[in-house]
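Notes to accompany the following structure.
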Amino acid sequence: MNKTQAVVEKPIRLRPHLKGRQVDREDRKALHRILGGPANQRDLLIEYLHKIQDSEACLPVGLLNALAADLNIAGAEVYEVASFYHHFDIVREGESRPARLTLRVCESLTCSLAGAEKLLLRLRQLLGEQLRVQAVPCVGRCEDAPIAVLGQTPIVQADEGAVLAALSSGATKASTPDAIDYHNYIIQGGYQLLKALDTGALSADTVIAALEVSGLRGLGGAGFPVYRKWNILRQQPAPRYMAVNIDEGEPGTFKDRYYLERDPHRFLEGMLIAAKITGMSAIWIYLRDEYAHCRQLLERELKALQAQAPCPLPAISLRRGAGAYICGEESAMIESIEGKRGVPRLRPPYVAERGLFGRPTLEHNMESLYWIREIVERGGEWFAAQGRRGRKGLRSFSVSGRVNKPGVHLAPAGITVVELINEYAGGMLEGHSFYAYLPGGASGGILPARMGHIPLDFDTLNPHGAFIGSAAVVILSDKDKASDAARNLMHFFEHESCGQCTPCRVGTSKMNQLIARDQWDQRLIEELSQTMIDASICGLGQAAPNPVLLVMKHFAHEVS
């Protein structure tokens with residue numbers, strides 16, 4: 001080009017719109033109306049999703065885009081979290097919204113024994129056009145099986161008439177349990193131990209010594225000694241956090257709900273004592289979404305506690321699960337509290353070293369904390385002396401199935417299932433004979449009645465390929481088949497696998513195919529089971545084969 005030639009600039013051509021998915025202005029306004037303002041805290045993502053779901057009965061994709069824009073994260077990140085949890089219903093562009101009301105019918109083992117499949121089929125025929133009718137895993141009310149949940153209202157011992165009556169009454173909201181409130185708990189001597197600890201009248205070492213003598217172990221399933229866990233956390237660098245697990249999704253388990261409904265402050269005081277001794281800066285309580293009534297109760301009682309605190313308290317946050325059994329695993333729960341998909345972490349590092357938001361974390365099951373006050377007040381020796389056959393302490397057995405008195409039964413550690421049935425559960429139902437039992441929920445295995453004299457406690461069942469876990473005991477009778485129970489449990493595991501690792505994700509699906517047959521390919525099942533046990537990341541995949549393996553060992557006549 002000649003240097004003297006004039007340069008002709010091309011006109012600037014503006015794009016008609018910005019690149020990428022755009023947020024509709026009306027969607028953003030609707031989101032802020034639902035949330036009461038802009039979303040500005042990434043770890044509250046699941047809480048924001050709950051607010052949208054509660055308001056709209058689904059998650060419209062436009063509101064998800066607006067939420068991603070508020071949080072300044074990718075829309076795919078919001079979508080992957082929302083699609084991970086069972087209680088969220090994403091509605092994409094062009095799709096019609098589902099019915100606003102959902103009827104959930106539990107299909108887990110105890111409800112299945114009580115006729116849940118027939119009930120579900122009949123309700124879909126009657127109500128399928130009026131509302132969503134869904135089959136769901138255990139909702140934590142096994143003592144009143146079968147269970148249906150209309151909105152947030154549980155219908156116990158459900159049948160067609162009870163469901164129709166509940167629907168016509170419009171009772172779809174949770175009702176707060178009539179529990180011991182803050183005022184009455186104080187009258188009964190509540191929070192005196194916490195005050196004594198705060199003033200120095202009671203030393204941390206005295207409390208830990210009482211727990212060591214008592215033999216109290218974690219009651220969520222792992223059974224790690226409580227005093228040892230506290231001592232480990234005291235040695236970790238500050239700030240340290242605490243996470244309380246009330247996501248009891250193991251089929252057959254409902255003890256945490258039972259205690260929460262009656263005496264929530266006994267648990268809260270134990271939690272605060274643990275936090276005080278271990279130097280926790282903040283506490284997160286993770287409660288399963290199925291316990292909407294307990295959430296209302298805890299919200300109310302936490303407000304009362306914080307308004308008239310007996311001593312300075314750490315920050316306490318109540319977080320809401322969203323229907324994912326895997327979040328009962330401690331690291332998956334921590335991921336969920338942080339607003340992510342609830343997938344287990346690889347270990348090490350362990351959560352005691354790097355847990356919530358990368359800080360050392362004390363993780364506890366709710367019932368473990370519930371016993372702290374009583375053990376300190378009555379002495380570790382008192383608790384330790386309650387066991388049978390050389391075992392220490394008491395166990396809260398969630399008993400369901402073919403017994404006259406299903407429910408939570410507080411019994412000595414080391415009791416046998418035969419004693420538990422006869423002394424606490426009112427014996428077998430009329431016309432039923434004891435045939436088999438699950439000593440530890442879905443993953444604890446299935447044992448025959450002839451092995452009903454094994455002490456029920458940590459470590460006692462392990463030599464037999466079973467374990468007590470969270471002490472969810474399901475009783476089967478001669479009217480049942482152990483192989484059918486194993487099929488129900490494996491269906492649950494496939495549904496609840498987080499999908500992170502191939503041995504569990506593919507293994508549970510393949511196992512379901514193998515045991516669907518009348519005759520099982522036992523050699524192939526054993527090979528698949530060993531792969532799942534050896535290579536799965538977390539306890540779900542490692543324990544899922546237990547019921548199947550024990551059926552082949554003790555009930556071979558059913559599958560060969």
Side-chain angles (χ1 to χ4, degrees), residues 179-214 216 218-220 225-234 236 238-246 256 259-287 294 297-318 356 360-383 393-394:
I180 298 172
D181 62 13
Y182 181 72
H183 174 73
N184 284 298
Y185 185 74
I186 291 291
I187 292 175
Q188 296 172 15
Y191 293 107
Q192 293 303 310
L193 283 177
L194 181 63
K195 284 182 180 179
L197 197 61
D198 182 63
T199 62
L202 175 67
S203 72
D205 289 341
T206 299
V207 175
I208 290 177
L211 295 178
E212 182 176 3
V213 171
S214 74
L216 180 66
L219 297 173
V226 170
Y227 84 95
R228 285 181 58 193
K229 184 179 284 193
W230 290 15
N231 281 333
I232 290 170
L233 264 296
R234 294 172 81 186
Q236 300 301 315
R240 299 183 286 271
Y241 297 146
M242 184 175 184
V244 181
N245 192 337
I246 322 181
D256 291 352
Y259 287 122
L260 272 180
E261 289 173 341
R262 289 157 176 79
D263 200 355
H265 285 281
R266 189 169 293 270
F267 143 65
L268 291 173
E269 184 170 10
M271 176 187 79
L272 292 169
I273 288 171
K276 177 73 79 174
I277 289 174
T278 54
M280 296 294 136
S281 304
I283 302 171
W284 283 262
I285 302 172
Y286 191 84
L287 180 69
C294 289
L297 175 65
L298 281 175
E299 287 172 346
R300 185 190 75 190
E301 295 308 312
L302 281 170
K303 285 181 181 178
L305 170 63
Q306 290 164 334
Q308 302 178 44
C311 63
L313 304 177
I316 303 172
S317 300
L318 179 60
L356 267 168
T361 301
L362 174 64
E363 188 273 344
H364 261 312
N365 169 255
M366 172 261 168
E367 196 205 346
S368 306
L369 300 168
Y370 182 89
W371 286 106
I372 301 298
R373 175 185 166 188
E374 194 148 3
I375 287 173
V376 176
E377 286 182 343
R378 303 182 69 170
E381 296 84 357
W382 162 80
F383 189 79
L394 295 164

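The shown structure was predicted, so the numbers you read here are calculated from the model rather than taken from an experiment.
- Two residues are said to be in side-chain contact when any heavy atoms from C-beta on lie closer than 4.5 Å; Leu272 and Pro314 meet this criterion.
- The shortest distance between side-chain heavy atoms of Ile277 and Ile273 falls below 4.5 Å.
- Between Glu374 atom CD and Arg266 atom CZ the span is 5.5 Å, to the nearest 0.5 Å.
- Met271 places none of its side-chain heavy atoms less than 4.5 Å from the side chain of His364.
- Comment: Arg234 engages Asp205 in a salt bridge, judged by a side-chain N to carboxylate O separation of less than 4.0 angstrom.
- Contact check for Glu212 versus Val226: no side-chain heavy atoms found under the 4.5 Å cut-off.
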TODO: Tell me, with the steps shown, if Leu260 and Leu287 meet side-chain contact (heavy atoms from CB on, under 4.5 Å).
DONE: CA-CA 11 Å; Leu260 272 180; Leu287 180 69; 4.0 Å; yes
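- Atom CG of residue Leu362 and atom OG1 of residue Thr278 lie 5.0 Å apart, to the nearest 0.5 angstrom.
- Nearest heavy-atom pair across Arg373 and Gly190 is NH1-CA, 3.8 Å.
- Annotation for Ala243 and Leu356: closest pair CB-CD1, 4.0 Å, computed over non-hydrogen atoms.
- Considering all non-hydrogen atoms of both residues, Phe383 and Leu394 come closest at CZ-N, 3.5 Å.
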Open item on the list: Using side-chain contact (heavy atoms from CB on, under 4.5 Å), reason through His265 and Ile180 one step at a time and then give a plain yes or no.
Closed with: CA-CA 8 Å; His265 285 281; Ile180 298 172; 5.9 Å; no
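- Within the 4.5 Å cutoff, the side chain of Ile285 has heavy atoms near those of the Leu268 side chain.
- Lys303 and Glu299 are not joined by a salt bridge, as no carboxylate oxygen comes within less than 4.0 angstrom of a charged side-chain nitrogen.
- The closest donor-acceptor contact from the side chain of Arg240 to the backbone of Ser281 lies at 3.5 Å or more, if one exists at all.
- By the 30° and 60° cut-offs, the orientation of the rings of Tyr185 relative to Tyr191 is perpendicular.
- Here the side chain of Ser214 pairs a donor or acceptor atom with the backbone of Leu216 at under 3.5 angstrom.
- Rounded to the nearest 0.5 Å, atoms CD (Glu261) and CG (Leu297) are 8.5 Å apart.
- Distance CD/Glu367 to CG/Leu369: 10.0 Å, rounded to 0.5 Å.
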Task: Trp371/Leu219 under side-chain contact (heavy atoms from CB on, under 4.5 Å): CA gap, chis, key distance, verdict - done: CA-CA 10 Å; Trp371 286 106; Leu219 297 173; 3.7 Å; yes
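- In this structure, CD in Glu363 is found 8.5 Å from OG in Ser368, a value given to the nearest 0.5 Å.
- Taking the side chain as every heavy atom from C-beta outward, Met242 and Thr361 never approach each other to under 4.5 Å.
- The shortest heavy-atom contact between Glu381 and Val213 is N-CG1, 3.7 Å.
- Closest heavy-atom contact between Ile283 and Val244: CG2-CG2, 4.3 Å.
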TODO: Assess whether side-chain contact (heavy atoms from CB on, under 4.5 Å) is satisfied between Val207 and Trp230, documenting all intermediate values.
DONE: CA-CA 11 Å; Val207 175; Trp230 290 15; 4.0 Å; yes
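- When all heavy atoms of Tyr182 and Glu301 are compared, the pair lying nearest together is N-OE1, 2.8 Å.
- Distance alone, capped at 3.5 Å, places no donor-acceptor pair between the Thr206 side chain and the Leu202 backbone.
- Rounding to the nearest 0.5 Å places CD of Glu269 at 9.5 Å from CG of Leu305.
- Here Tyr370 and Phe267 keep their ring centres 6.0 angstrom or further from each other.
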